[in-house]
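All ligand and atom numbering here is 1-based and tracks the order in the structure.
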Amino acid sequence: MIIESKIDGVVARTCHPLGCKQAVLDQIAFVEGAPQITGGPKKVLILGASSGYGLASRISLAFGGCAADTIGVSFERGPSDKGIGTAGWYNNVFFREEAERKGLIAKNFVGDAFSPQMRADVIDFIRTEFGGTVDMVIYSLATGVRPDPETGERMRSTIKPLGEPVSGTTINLEHDRLDEMTLPPATEQEVQDTVRVMGGEDWRDWISELADAGVLAKGCATLAYSYVGPEFTYEIYHDGTLGHAKAHLHATADQITEMLKPVGGQAHVAVCKALVTKASVFIPTFSPYITVLFRVMKEKGLHEGCIEQMQRMFVEKIYGPEDYIVDEENLLRLDDWELRADVQAEAKELLSQITPENFAEIGDYAGYKQEFLALNGFGLENVDYTQEVDPEALKGLQP
Ligand code: NAI
């Protein structure tokens, strides 16, 4: 069969396995040709390893200098009679193949990272087949739902402002259109639930269980990812439900560092740049900003995707001549180029010119859409999309 891209609003309904493979290979090629990480970790657990920042971290640590063995946990779907499966499934498959070709361990656990069984399985694997300990844990889960660990009740995260409604525009990728939208303010319950889903609680629980199981190596480091953004986006992000969750995540890093004292470890949050990932396209009013940001950063030679951000983080901000270059709030700032005054001034100026008629020309909409398509293996160079894909053969590919 021939696989074509299908988008509903901002959700991709299909993926191209060969394109996913190419995207993994392209990221590997990038880190292999980039300045290398020196002195990084050797045994890494990545929670949320199949796409976006988690996958980029995994590729960077395996192929960008420290040749780390990795365990990746993700929630993905394989091919079945109902469909082709998700891009992350194939990213897992092809990452493992390439890592094993290099002689590295690359174990994938596909299932719910919130479940006690998943934690037990991962711990068991570390003990029996991974040398007994990990020296880095990356927490890169992005999800809309988490079961309450006590009651099992499903909590949902929302993306809403606090106090007042916020109106703005957002890009509809299906129709290449700029739509007006108004977001009502969050209820107190929605704020609390978003904090519990996307804040630091589950990160802390994972580290606590790994520590209790004795599978954290001496000096073990842990990282989670966050976003801050420019001030004019504060009402929707930083001061909204997600921003509250991120504030909780930032505070949790200090608690985890305390918890890691017995093994001499430390926890950090890295604040990353706004990018197109399958999670970020849901943030209303954000997409026009990302298109102008892309244009300005590309014109200035500052544009980065997940893989460029992660390689720069490990090479320059964590394992550079100085370890852990952080700001006064102990955050690693990978959004330093995004927030540069000249970048922001130009992005804001362009944003003020955007209308539903001209948004594709004012911002880099072509680049934005290309990155969205690439997340699901479409629009990549060196892939023959007219080639027949055998659905039965896909079922033989295991993560
Ligand atoms: P993504 O959607 O590309 O990846 C999320 C990962 O979590 C996937 O591997 C998915 O399989 C996994 N996952 C979700 N629910 C799971 C579950 N129940 N069990 C196991 N695995 C599960 O997300 P992205 O954008 O890379 O986000 C990762 C982190 O980076 C988040 O904390 C996000 O807030 C942060 N970030 C993202 C930015 C962006 O622009 N996309 C900017 C700055 C930070």
Could you go through the salt bridge (Lys or Arg N to Asp or Glu O under 4.0 Å) check for D121 and K107 one step at a time?
CA-CA 12 Å; D121 290 348; K107 172 71 180 172; over 6 Å; no

For the pair E304 and R312, evaluate salt bridge (Lys or Arg N to Asp or Glu O under 4.0 Å) and give the outcome as yes or no after the intermediate values.
CA-CA 10 Å; E304 294 177 302; R312 180 159 72 94; 2.8 Å; yes

Go through Y227 and F286 one step at a time and tell me if the ring pair (Phe, Tyr, Trp, His ring centres under 6.0 Å) criterion holds.
CA-CA 12 Å; Y227 184 68; F286 228 65; 5.5 Å; yes

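At the shortest separation from atom 1 (P) of ligand 1 among protein heavy atoms lies S51 OG, 3.5 Å. Remark: minimum distance from atom 12 (C) of ligand 1 to any protein heavy atom is reached at G48 CA, 3.8 Å. Of all protein heavy atoms, the one lying nearest to atom 24 (P) of ligand 1 is T277 OG1, 3.9 Å. What sits closest to atom 13 (N) of ligand 1 on the protein, heavy atoms only, is L141 CD2, 3.9 Å. Remark: minimum distance from atom 30 (O) of ligand 1 to any protein heavy atom is reached at Y225 CB, 3.5 Å.
Among the atoms of V73, none of the N or O lies under 3.5 angstrom from an N or O of ligand 1. Among the atoms of Y227, none of the N or O lies under 3.5 angstrom from an N or O of ligand 1. Polar contact check, F75 against ligand 1: a nitrogen or oxygen pair lies under 3.5 Å apart. For F114, no nitrogen or oxygen atom sits less than 3.5 Å from a nitrogen or oxygen atom of ligand 1, counting backbone and side chain alike. Among the atoms of Y237, none of the N or O lies under 3.5 angstrom from an N or O of ligand 1.
With rounding to the nearest 0.5 angstrom, the OH atom of Y365 is 14.0 Å from the CG atom of N358. From T187, atom OG1 reaches atom CG of L162 across 9.5 Å, with rounding to the nearest 0.5 Å. Here C220 contributes atom SG and K43 contributes atom NZ; the two are 13.5 Å apart, rounded to the nearest 0.5 Å.
Only backbone heavy atoms of A49 (N, CA, C or O) come within less than 4.0 Å of ligand 1; its side chain stays farther off. Heavy atoms of M118 found under 4.0 angstrom from ligand 1: none, in either backbone or side chain. Looking at S140 against ligand 1, both its backbone and its side chain come within 4.0 Å, counting heavy atoms. Of all the heavy atoms of E76, the ones lying under 4.0 Å from any atom of ligand 1 belong exclusively to the side chain.
Evaluated for a side-chain contact (heavy atoms from CB on, under 4.5 Å) with W203, the options T252, L141, L223 yield exactly one hit, T252. Test K298, R295, H303 against D364 for side chain to side chain donor-acceptor pair (under 3.5 Å) and you get one pass: K298.
Using a 4.5 Å cut-off between side-chain heavy atoms of Ile, Leu, Val, Met, Phe, Trp and Tyr, with links allowed through other members, L275 and I307 fall into different hydrophobic clusters.
Side chain to side chain, T182 and S167 meet the donor-acceptor criterion of an N or O pair below 3.5 Å.
Below 4.0 Å from some heavy atom of D112 lie the following atoms of ligand 1, by number and element: 17 (C), 18 (N), 19 (N). Counting the atoms of ligand 1 from 1 in the order shown, those under 4.0 Å from a heavy atom of G52 are 3 (O), 26 (O). Residue S50 has at least one heavy-atom neighbour below 4.0 Å for each of these atoms of ligand 1: 8 (C), 9 (O), 10 (C), 11 (O). Interface of A274 with ligand 1, defined as ligand atoms under 4.0 Å from a residue heavy atom, comprises 40 (O). Atoms of ligand 1 lying under 4.0 Å from any heavy atom of C272, numbered from 1 in the order shown and given with element: 43 (C).
Between N91 and E76, every side-chain heavy-atom pair lies at or beyond the 4.5 Å cut-off.
In this structure, K42 places its NZ atom where more than 12 heavy-atom neighbours from other residues, nucleotides or ligands lie under 6.0 Å away.
At least one heavy atom of G111 sits closer than 4.0 Å to an atom of ligand 1. Taking 4.0 Å as the cut-off, S226 counts as a neighbour of ligand 1 on heavy-atom distance. Assignment of K273 to the shell around ligand 1 is supported, since a heavy atom sits closer than 4.0 Å.
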